[in-house]
Structures are given as structure tokens and as C-alpha cells.
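Naming: A, B, ... by sequence-line order, numbering from 1 per chain.
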Amino acid sequence: DTGVSQDPRHKITKRGQNVTFRCDPISEHNRLYWYRQTLGQGPEFLTYFQNEAQLEKSRLLSDRFSAERPKGSFSTLEIQRTEQGDSAMYLCASSLLGYNEQFFGPGTRLTVL
Amino acid sequence: TQLLEQSPQFLSIQEGENLTVYCNSSSVFSSLQWYRQEPGEGPVLLVTVVTGGEVKKLKRLTFQFGDARKDSSLHITAAQPGDTGLYLCAGDSGAGSYQLTFGKGTKLSVIP
């Protein structure tokens, strides 16, 4: 069991550029979550998938953010026209249907200059 | 909006001391999870508590869920430098929503 993986681990970009992050959940986990964590705060929920269906989205997920999980396995999170306020750690988690526990990946640290 | 408040925000203790950190809310949670996070890494799940009044032990760590399922505590006995990290509590409200609501965490430093 290899755990949740995320790529890249770090991303530095200039304001206005688009970025895409990838998350590979624990195999056979059908639920996948994206969270954002800024300095001094706990993670904040962004969105959640059950298999390939995006079932819940936070108000934090502005129009510039889009997430996909096309085949119910890995997921991508894209941020268009990045802003300095998007700088944060983006965390992915996965869980099994019927279980409360969510297992997190190592995160992608985004810095927008 | 459900909020989880953690206290203290920072805690610095000597190796061998005992400590308790708290996680409080005015809302009821169907389950509550505790995580530990190292700098630059994702949170690592320590325990999940589900039943009001439940107590779970993980080596030197003891977790308790309040009877009303609104609060929880984490007690560490004989703290070691390896316990250093950010301790986060996260609640699951149930009711068809699977998002976790996190507190801001307690940053623990155990000095050798």
C-alpha cells in the first residue's frame, strides 16, 4: 500500500499563470478530497469526489479553480490566472466508502510571485 | 458554520512531562479525528473517535471524545522529542457531507 501521492511537491509560478496539480489516491479508495492550508491555519475543504463524480464544492473554490477525476482514480486540480492569494499548501486525501478516516498526501506547496 | 477551537495554540515542554491539548466546538460531530503534521508535510492520521465518551489509547497518547460529541482531548504521557509537531483535530458533521472541519492546531515542541 503506497499511500496518497501528490505531484509536484513544490511549484513556483508567476501571477497570471495557470498551474495543475495531480493526486493519486490509495488504490481502491473511491472518495477523494482536496483541501487548502495556509500558514497558521488548519486545512480547509475545497471539493470532494466519489468515484468520478464531483459531489461537493466549497465556496472557496472560485471560478478559477477546477478539479477533475476522469476515471475515478487520480485527480487533477487546476488553478487558472493564479493570484498571490492562491499561495498555500494544496492537500489531497482519500477514503473508503463507509469509513470516516481520510488519509492525506504530502501536499503541493504553491508559491505565486 | 461549524468551528473547532484548539487550545493551547502553542506549547513548549521538557522531555518527560505530561500534557493535554483540547479541541472544542458548539456543534455536534458524528466523528472526530486527530492528526499530527510535520512542517512541509501532509497530516498523518492518529485516531478516529466516534462514540460519545469514547477513550482510545495509542501508546503514550490518550484520546477522549466528549459525552455530547462536541469536544475532545489528547493527553500525552512522558512526552518525547519525537512528539514534536502540529496536532490537528478535525470533525465530520455527518448529514451527508464528508468534508472535515479542522481546527487551527496546537504546535507542540518537546525540548530534550
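When heavy atoms are compared at a cutoff of 4.5 Å, Glu41(B) approaches chain A by way of both its backbone and its side chain. At a 4.5 Å heavy-atom cutoff, the contact between Gln102(A) and chain B is made by backbone and side-chain atoms alike. Residue Gln9(B): no heavy atom, backbone or side chain, is found under 4.5 Å from chain A. Only the side chain of Leu45(B) comes within contact range of chain A, judged by heavy atoms closer than 4.5 Å. For Gln37(A), the part lying under 4.5 angstrom from a heavy atom of chain B is the side chain only.
Under the side-chain hydrogen bond (donor to acceptor under 3.5 Å, both in side chains) rule, Arg60(B) has a single partner from Asn18(B), Asp83(B), Thr77(B), which is Asp83(B). When Leu32(A), Thr47(A), Asp24(A) are each tested for a side chain to side chain contact (heavy atoms under 4.5 Å, CB included) with Ser75(A), only one passes: Leu32(A).
By number of non-hydrogen pairs under 4.5 angstrom with chain B, the leading residue of Gln50(A), Arg31(A), Met89(A) is Arg31(A). In terms of heavy-atom pairs under 4.5 angstrom with chain B, the leader among Gly42(A), Ala93(A), Gly107(A), Ser58(A) is Gly42(A).
Aromatic ring centroids of Phe65(B) and Phe29(B) lie 6.0 Å or more apart. Taking the centre of each ring, Tyr90(A) and Tyr35(A) stay at or above the 6.0 Å mark. You'll find the ring centres of Tyr33(A) and Phe49(A) outside the 6.0 Å limit.
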